[in-house]
*Asks:* 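One structure follows; several queries about it will come next.
The sequence lines fix the lettering, A, B, ..., with proteins before strands; numbering per chain opens at 1. Because the structure is predicted, anything quoted here is derived from the model rather than measured.
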2 protein chains.
Amino acid sequence: MQAQKKKTIRYHHGDLQNALIAATLDLITEQGNEAFTIREVARRAGVSHTAPYRHFTDKAALLAVVARQGFDMLVEHLLTRIANFPDDPLMRFKYSGIAYIEFAVDHPAHYRVMFGPDKSGSRENAAVRKSADTAFQILLDCIEACQAGGLIRPGNSMEMALSAWSMVHGFSMLLIDRFVRETPTPGQDLADMMSLVTDSLYFGLKTEKTD
Amino acid sequence: MQAQKKKTIRYHHGDLQNALIAATLDLITEQGNEAFTIREVARRAGVSHTAPYRHFTDKAALLAVVARQGFDMLVEHLLTRIANFPDDPLMRFKYSGIAYIEFAVDHPAHYRVMFGPDKSGSRENAAVRKSADTAFQILLDCIEACQAGGLIRPGNSMEMALSAWSMVHGFSMLLIDRFVRETPTPGQDLADMMSLVTDSLYFGLKTEKTD
DNA sequence: TTATAGTGTTGACAATGTCAACATTTTAAT
DNA sequence: ATTAAAATGTTGACATTGTCAACACTATAA
């Protein structure tokens, strides 16, 4: 019953908050992270340059919301990807890592907002923290499932998850920041490299005594 | 014979280029990365706000030099640290990783400049690239030495070095961006965590069949 | 119906990156 | 040594930005 929106030009936008978030996403996706400006976002939403301040205390607050949204998207992607292997803990572990890297590569600007420098304490933002923790928890669950199945050696799963996170995060950053461009060995594609990195984590680099 | 500097106030600074680099380092170290502005750096060097443009084409060019310097410092720290183990390839490998993390933690602002978003192609800067490659080469050498000694399994050392780099880079970033703050298990300190992460890489997470 | 809270707008301010025009100094060619 | 040119600095301008204060419109609740 509350239809007839968007028809008339109104003083009140109606849903400016979300429009600003969407505009921010579009902007960073199209033009990269440095292009993000309160004023440009306002322009894209068709409002005056200070209208955003009615919904976000400052630039960092807007970015914090975008970051939270990014972690939520990451969680969704991880869950979708490992859902393909309901009964194979090892594949779930491996593909949680691969899916993580996929997300970073597919949404580099968004990823950079999520992990970018914490200018003004948005990292302390409870909502952001919670969404990030949820993503971490997925990794942790995969590892513990593997441990339960005797596939990963017993030990502090938290520490292992931290190592795993470091690995996929580092690799993702190196990729999207263009420190790694060509594949180490010619003919490899991104999928191969992702396997390679996740396998390194699982098998380690030590000489194998058996198997 | 060319002494008597700094005494008189001169129109020409004398060594503005290096003064600007030093001022940049001081600034980001004291106030963080966001505090870096051309004008503030100029102020600190005691010159007008456009003087830096006689030495650097723009902001990014100054940062590129700082980044290169950072990689050089990193190389030095890595070499110093592994020099303690001239005859133990495995320790050299391990401590190259630990030293890497140490550097990032000790110089977070500098590290962020080195790996920060590549706004305007400074990553393509040949000098920066070369210094970064030198650092990578150290890792690679350590791995190949271990392989020669049968301590790391045979295989593509480039790929292994990439995995190792991902691991220490990711861990460093998580640390300095405050995603990891408390230790996973209480009572641990940073040194323990660094060992933990580098050991994960070496041993992997897989169940050990032997040893 | 109207006071009030919510939402937008206009107009300011200081700071920034960078450009153009001009000044001084150093260097090199004569 | 003189002087033309190349280096190096300065002043002043411009457009852009984040953010604040003052004001305008709108929705809502008393």
*Asks:* B:Phe179 and B:Phe171: aromatic ring centres closer than 6.0 Å?
*Replies:* no
*Asks:* Distance criterion of 3.5 Å, no angle test: do you see the side chain of B:Arg54 paired donor-to-acceptor with the base of D:dG9?
*Replies:* yes
*Asks:* Give a yes or no on this: more than 12 heavy atoms of other residues, nucleotides or ligands lie within 6.0 Å of atom CE of B:Met158.
*Replies:* no
*Asks:* Want to settle it: does A:Thr57 or A:Glu40 sit nearer the 5' end of DNA chain D, counting the closest nucleotide to each?
*Replies:* A:Glu40
*Asks:* Between the side chains of B:Arg92 and B:Asp88, is the shortest nitrogen-to-carboxylate-oxygen separation below 4.0 Å, so that they form an ion pair?
*Replies:* no
*Asks:* What integer distance in Å separates B:Lys59:NZ from D:dT17:C1'?
*Replies:* 12 Å
*Asks:* Within this structure, what is the CG-to-C1' distance between A:Leu20 and C:dT7, rounded to whole angstrom?
*Replies:* 12 Å
*Asks:* Atom CG of B:Leu16 to atom C1' of C:dT26: distance rounded to whole Å?
*Replies:* 16 Å
*Asks:* In whole angstroms, how far is the P atom of C:dT10 from the OH atom of A:Tyr53?
*Replies:* 16 Å
*Asks:* Testing the 3.5 Å rule here: is there a donor-acceptor pair between the side chains of B:Asp141 and B:Gln137?
*Replies:* yes
*Asks:* Rounded to whole Å, please give me the gap between CZ in A:Arg39 and C1' in C:dT9.
*Replies:* 13 Å
*Asks:* Could you verify whether a donor N or O on one side chain and an acceptor N or O on the other, from B:Gln31 and B:Glu40, lie under 3.5 Å apart?
*Replies:* no
*Asks:* Please work out if B:Ser48 contacts a base, only the sugar-phosphate, or nothing of the nucleic acid, heavy-atom cut-off 4.0 Å.
*Replies:* base
*Asks:* Let me know the distance between CG of B:Leu27 and P of C:dT16, rounded to the nearest Å.
*Replies:* 10 Å
*Asks:* With a 4.0 Å cutoff (strictly under), does any side-chain N or O of A:Arg43 reach OP1 or OP2 of D:dT17?
*Replies:* yes
*Asks:* Taking CG from B:Leu62 and P from C:dT16, how many angstroms apart are they, rounded to a whole number?
*Replies:* 15 Å
*Asks:* Using a 4.0 Å heavy-atom cut-off across all strands, classify B:His49 as base, sugar-phosphate, or nothing.
*Replies:* base
*Asks:* Has the side chain of A:Thr37 got a donor or acceptor atom sitting under 3.5 Å from an opposite partner on the base of D:dT16?
*Replies:* no
*Asks:* For C:dG8, does OP1 or OP2 lie under 4.0 Å from any side-chain N or O of A:His55?
*Replies:* yes
*Asks:* Take atom CZ of B:Phe56 and atom P of D:dT8, then tell me their distance rounded to the nearest Å.
*Replies:* 12 Å
